[in-house]
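Just so it is clear: chains get the letters A, B, ... in the order the sequence lines come, proteins before strands, and each one is counted from 1.
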Number of protein chains: 2
Amino acid sequence: MARTQGSSSDITGPRIRRVAERLFAQAGYAAVSMRQIAAEVGVQAGALYNYTPDKQSLLFSLMERHLHEVLEGWDTLKSTGTPQEQLAAFVRFHIGFHLERPDAVFIAYMELRNLTPENFARVEGLRRRYETIPERILQAGIDAGEFAVPDPRVATLAVIAMLNGVNTWYRPGGRLTLEQVEDLYLDMVRKSLSAG
Amino acid sequence: MARTQGSSSDITGPRIRRVAERLFAQAGYAAVSMRQIAAEVGVQAGALYNYTPDKQSLLFSLMERHLHEVLEGWDTLKSTGTPQEQLAAFVRFHIGFHLERPDAVFIAYMELRNLTPENFARVEGLRRRYETIPERILQAGIDAGEFAVPDPRVATLAVIAMLNGVNTWYRPGGRLTLEQVEDLYLDMVRKSLSAG
DNA sequence: GTCTATATCATGATAGAC
DNA sequence: GTCTATCATGATATAGAC
């Protein structure tokens with residue numbers, strides 16, 4: 001029962017991930033030391049290396065898991081219906097999902113520079129897979145005559161950029177509820193894709 | 001005439017700024033050492049301190065100058081006309097100006113975390129001053145009945161986020177010219193603000 | 001699985017010669 | 001204004017005891 005040293009625990013691994021995610025988002029990967037992470041977890045620096053081979057792998061695994069969760073999150077929705085309905089579902093999903101994970105989102109596109117080339121390529125691949133979701137919805141809407149954009153690829157990137165912007169300013173408990181924010185952005189996205 | 005040591009120069013200061021801007025954008029402020037900057041400039045690390053009191057001041061001055069240049073760039077345009085015309089001028093200005101300075105733009109919102117609280121407050125103030133430009137245009141358009149958005153503040157942030165997204169993908173010499181990109185984004189911005 | 005201790009190296013910044 | 005040399009500190013990662 002009694003531990004001979006420290007406060008060992010079965011959940012040290014997840015705790016390391018949570019602490020690292022928060023610290024990387026707050027100060028940046030390069031500015032956070034393994035000692036800092038260890039201190040906030042409540043272990044010594046050396047103990048971290050039972051859970052990750054090195055700092056780089058820790059960063060990569062955080063980003064990879066986040067992107068997998070986003071892709072799985074959309075898959076679970078299995079949205080169907082008209083392009084307009086799917087667009088609404090995507091906008092609400094994207095905003096809601098990203099606002100729930102501000103740190104992971106922040107890291108996923110702020111720390112791309114700090115990945116090794118191989119890790120960068122894998123993360124980039126996952127990101128592109130996610131972008132195909134709105135791109136296909138847009139194309140379906142164009143084919144159905146519901147949307148009118150001269151360049152679907154650019155329109156997709158513009159929509160994603162607009163939606164990502166929410167994370168820079170929205171804070172729970174502020175002037176607007178999540179649903180109101182979703183409504184506002186869906187309104188703008190719909191109009192931006194309309195025949196005008 | 002002859003220098004006794006190294007290759008001293010009247011333009012070492014500007015060179016330091018250019019090198020630092022490029023390196024900070026590529027690898028991040030925390031990941032770039034003063035020795036790296038010095039090496040690329042062609043001087044020893046100690047020499048940098050003739051031009052900046054410390055690394056933090058170097059970062060801050062890069063961001064501050066960039067934001068001043070953006071504000072002056074718009075002031076110089078002295079755009080007038082209907083809200084629709086001013087909106088078009090702003091969209092084109094913002095995209096063009098930001099695509100000309102990708103490194104400075106990247107730093108200006110990626111390295112906010114690495115500013116001291118006082119420096120952060122000053123940079124944040126300049127950024128907010130810039131945001132008032134599109135916000136006033138939007139409000140004028142609403143008052144004139146040309147635009148219809150339920151929340152002007154959110155709409156402003158959404159438009160800026162969309163425009164900022166251009167910097168993540170546009171590369172000169174690609175599929176689209178700068179003017180075509182401006183046209184595409186202006187089309188989407190206009191429609192997103194319309195009565196729909 | 002965590003600890004202590006340490007190897008090895010890089011960092012920001014400064015001092016003083018020239 | 002730049003150099004060389006250095007201080008003091010902190011970094012990642014590893015080794016071996018328990």
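- One interatomic measurement links the two molecules: CE of A:M34 to P of D:dG10, which rounds to 18 Å at whole-angstrom precision.
- At whole-Å resolution of the value, CZ in B:R35 and C1' in D:dA5 are 11 Å apart.
- Remark: A:S33 is not in phosphate contact with D:dG10, judged by side-chain N or O atoms under 4.0 Å from OP1 or OP2.
- Under a 4.0 Å N-O distance rule, the pair B:E111/B:K55 does not qualify as a salt bridge.
- Taking 4.0 angstrom as the limit, B:T12 places a side-chain polar atom (N or O) nearer than this to OP1 or OP2 of D:dT2.
- One finds a side-chain N or O of A:Q44 lying less than 4.0 angstrom from the OP1 or OP2 phosphate oxygen of C:dT4.
- With no hydrogens or angles considered, a side-chain donor-acceptor pair links B:Y130 and B:H94 at under 3.5 Å.
- A salt bridge is defined here as a Lys NZ or Arg NE, NH1 or NH2 lying under 4.0 Å from an Asp or Glu carboxylate O, and B:R127 with B:E124 meets this definition.
- A straight line from NZ of A:K55 to C1' of C:dA10 spans 13 Å, rounded to a whole angstrom.
- Taking atom CD of A:Q56 as the reference point, atom C1' of D:dA11 lies 16 Å away to the nearest angstrom.
- As rounded to whole Å, 16 Å separates atom P of C:dG1 from atom CZ of A:R15.
- A:R153 has a carboxylate O that lies under 4.0 Å from a charged side-chain N of A:E131, or vice versa, which qualifies the two as a salt bridge.
- Rounded to whole Å, the distance from CG on A:L58 to C1' on D:dA13 is 14 Å.
- Here B:V41 lies out of heavy-atom contact (under 4.0 Å) with every strand.
- Here CD of B:E135 is found 7.5 Å from CG of B:L157. Values are rounded to the nearest 0.5 Å.
- Here the nucleotide nearest the side chain of B:N50, chosen from D:dT2, C:dG1, C:dG12, is D:dT2.
- Dashed line: the shortest gap from a side-chain N or O of B:Y49 to OP1 or OP2 of C:dA15 is not under 4.0 Å.
- Counting to the nearest Å, the P atom of C:dT11 and the CG atom of B:L48 are 13 Å from each other.
- Atom C1' of nucleotide C:dA13 and atom CD1 of B:I37 are separated by 13 Å, given to the nearest angstrom.
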